[in-house]
*Asks:* 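Here you go, one structure.
Side chains are part of it too, since the values below use all heavy atoms of this structure and drop only hydrogens, waters and symmetry mates.
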Amino acid sequence: MRVTIFGGGGFIGRAITHRLLEQGHEVKVISRRPPTMPGDETHHPRPILTQADPHEPRQRREHLRGQDAAINLVGILHGRPADFERAHITLAEGIAADCRAEGVSRLLHMSALHADPEGPSTYLRTKGRGEARVLAHACETLRVTSFRPSVVFGPEDRFLNTFARLLALSPGVMLLPGAHARFAPVYVGDVAEAFAAALGGEDEKSPPAQRIDLCGPHHYTLLELVRQVSTWSGHRRLILPLPDRPARLLATLMETLPRPPLSRDNLDSMRVDSVCAEGACLQPTALEQIAPAYLGRSPPPR
């Protein structure tokens, strides 16, 4: 199958690309920045890496023409409301419309757990509106699946690794905003496997539009996660929950950084626990199986 991946230059995109190559798909990765694929020399054939602007309709349609499937992984965690709308709604709907126009029969869309047009944060609201518009394009000729993961972890993640870096910089004590928010971290390899499985077999009896939640097997508060990171990374610190008002003040200050580790919108997102509903099918890989090795053996990304 010929597959175009938009936003495939990140760590989730690289994992999905590698899994699809292992299954024998022909993969084209589109990224605004020069895309890289560490380790792709082990794959034959290798992915087609293309620098292009997915927000530009003509470029987008060019890279969808003649393809069997498309994957949209474009998303942002920080920015102005207009930035979220452009990435999560305008682009997502444009990709879906172009898939129909170019005869692409399968679209996999990366949403977020509890994405909701009425959600508490700009991130969740725009993810929810974008997801709804993408699924509205599903029809007999275009089958659409929206994946809704909790926080994704893996060796290149910017979740656990960011906390490891912050712990390393903390002078014995770390003040933690959003400490009681709950997550069900899902391993990037399980996410890649879910995307690959969606391309691997077509069930004609299934509806043309589907939502799939992706959660790991265990729940943790953010405080529990950061304490684990402290132990696994060797940066043992006293970690103290920060009340809401000073947490928002700290987030406001962090928003002035070039790559803020936290924003007020992130705190708003954490008002909804990022865990799957009771009885949901959970992904198999536990945090404890993977994270200690990569947090303990290498410095976190900066």
*Asks:* Do Thr141 and Ser105 make a side-chain contact, defined as non-hydrogen atoms from C-beta onward lying under 4.5 Å apart?
*Replies:* no
*Asks:* With side chains defined as the heavy atoms from C-beta onward, is the minimum distance between Leu287 and Leu225 less than 4.5 Å?
*Replies:* yes
*Asks:* Between Tyr294 and Asp157, is any side-chain donor less than 3.5 angstrom from a side-chain acceptor?
*Replies:* yes
*Asks:* Quick one: does any side-chain atom of Arg32 pair with a main-chain N or O of Asp53 as donor and acceptor, under 3.5 Å?
*Replies:* no
*Asks:* With a 4.5 Å heavy-atom cut-off, do Arg133 and Ile89 have their side chains touching?
*Replies:* yes
*Asks:* For the residue pair Leu108 and Asn72, establish whether any side-chain heavy-atom pair is separated by less than 4.5 Å.
*Replies:* no
*Asks:* I'd like to check the salt bridge (Lys or Arg N to Asp or Glu O under 4.0 Å) partners of Arg86; sequence neighbours left out, ordered by chain and number.
*Replies:* none
*Asks:* Could you give me the CA-CA distance, side-chain angles and deciding distance for Glu255 and Arg264, then say whether salt bridge (charged side-chain N to carboxylate O under 4.0 Å, His left out) is met?
*Replies:* CA-CA 8 Å; Glu255 287 173 15; Arg264 286 168 291 177; 2.8 Å; yes
*Asks:* Once side chain to side chain donor-acceptor pair (under 3.5 Å) is applied, do any residues pair with Arg237, and if so which ones, sequence neighbours excluded?
*Replies:* none
*Asks:* With sequence neighbours left out, what residues match Phe6 under ring pair (Phe, Tyr, Trp, His ring centres under 6.0 Å)?
*Replies:* none
*Asks:* Does the side chain of His88 reach to within under 4.5 Å of the side chain of Ile76, using non-hydrogen atoms?
*Replies:* yes
*Asks:* Please report whether the ring centroid of His78 lies less than 6.0 Å from that of Tyr123.
*Replies:* no
*Asks:* For His55, enumerate each residue passing the side chain to side chain donor-acceptor pair (under 3.5 Å) test, keeping only those at least two apart in sequence or located in another chain.
*Replies:* none
*Asks:* May I ask you to decide if Ile95's main-chain N or O and Asp98's side chain share a donor-acceptor pair within less than 3.5 Å?
*Replies:* no
*Asks:* List the residues meeting ring pair (Phe, Tyr, Trp, His ring centres under 6.0 Å) with Tyr220, not counting sequence neighbours, and say none if there are none.
*Replies:* none
*Asks:* Ignoring hydrogens and geometry, is there a side-chain-to-backbone donor-acceptor pair from Gln283 to Val191 under 3.5 Å?
*Replies:* no
*Asks:* With no hydrogens and no angle check, is any side-chain donor or acceptor of Asp68 less than 3.5 Å from a backbone partner on Arg2?
*Replies:* yes
*Asks:* Just by distance, with hydrogens left out, do Ser146 and Glu131 show a side-chain donor and acceptor under 3.5 Å apart?
*Replies:* yes
*Asks:* Report the residue from Thr145, Val144, Leu142 that forms a side chain to side chain contact (heavy atoms under 4.5 Å, CB included) with Arg106.
*Replies:* Thr145
*Asks:* Once disulfide bond (SG atoms under 2.5 Å apart) is applied, do any residues pair with Cys99, and if so which ones, sequence neighbours excluded?
*Replies:* none
*Asks:* Could you grab the distance from atom CD1 of Ile30 to atom CD of Gln51, nearest 0.5 Å is fine?
*Replies:* 10.5 Å
*Asks:* Under the 3.5 angstrom rule, does the side chain of Arg14 hit a backbone N or O of Gly8 as a donor-acceptor pair?
*Replies:* no
*Asks:* Would you say that Val29 contacts Ile48 through its side chain, given a criterion of any heavy-atom pair below 4.5 Å between the two side chains?
*Replies:* no
*Asks:* Is a side-chain donor or acceptor of Lys127 paired with a backbone partner of Met110 at a separation under 3.5 angstrom?
*Replies:* yes
*Asks:* Kindly write out the residues that satisfy side chain to side chain donor-acceptor pair (under 3.5 Å) with Arg65, not counting sequence neighbours, or none if the list is empty.
*Replies:* Glu102
*Asks:* If we only count heavy atoms from C-beta on, is the Met174 to His235 side-chain gap below 4.5 Å?
*Replies:* no
*Asks:* Under 4.5 Å between side-chain heavy atoms, hopping through other hydrophobics if needed: is there a path connecting Phe163 to Leu240?
*Replies:* yes
*Asks:* State whether Arg19 and Glu193 are salt-bridged, where the test is any N-O pair (Lys NZ or Arg NE/NH1/NH2 against Asp/Glu carboxylate O) under 4.0 Å.
*Replies:* yes
*Asks:* Tell me if a side-chain donor or acceptor on Asp273 pairs with a main-chain N or O of Arg182 at a distance below 3.5 Å.
*Replies:* yes
*Asks:* When you look at CD of Glu288, are more than 12 heavy atoms from neighbouring residues, nucleotides or ligands closer to it than 6.0 Å?
*Replies:* yes
*Asks:* State, without any angle test, whether Asn266 and Ser263 hold a side-chain donor-acceptor pair at a distance under 3.5 Å.
*Replies:* yes
*Asks:* Taking the side chain as every heavy atom from C-beta outward, state whether Leu267 and Pro177 have any atom pair closer than 4.5 Å.
*Replies:* yes
*Asks:* The criterion is salt bridge (Lys or Arg N to Asp or Glu O under 4.0 Å); which residues satisfy it with Asp116, sequence neighbours excluded?
*Replies:* none
*Asks:* Just how far is it from atom CD1 of Ile71 to atom NE2 of His109, taken to the nearest 0.5 Å?
*Replies:* 12.5 Å
*Asks:* Using a 3.5 Å distance criterion without hydrogens, assess whether the side chain of Ser233 forms a donor-acceptor pair with backbone atoms of Ala164.
*Replies:* no
*Asks:* Under the side-chain hydrogen bond (donor to acceptor under 3.5 Å, both in side chains) rule, what pairs show up with a residue in residues 240-250, not counting sequence neighbours?
*Replies:* Arg248-Asp268
*Asks:* Can you name the salt bridge (Lys or Arg N to Asp or Glu O under 4.0 Å) partners of Glu56, sequence neighbours left out?
*Replies:* Arg58
*Asks:* Between the side chain of Asp190 and the main-chain N/O of Thr285, is any donor-acceptor distance below 3.5 Å?
*Replies:* yes
*Asks:* Would you find a donor on one side and an acceptor on the other, under 3.5 Å apart, between the side chain of Ser150 and the backbone of Ala184?
*Replies:* yes
*Asks:* Under the side chain to side chain donor-acceptor pair (under 3.5 Å) test, which residues partner Gln67, sequence neighbours left out?
*Replies:* Thr4
*Asks:* If a pair satisfies disulfide (SG to SG under 2.5 Å) and one of its residues is in residues 131-161, list it, with sequence neighbours excluded.
*Replies:* none
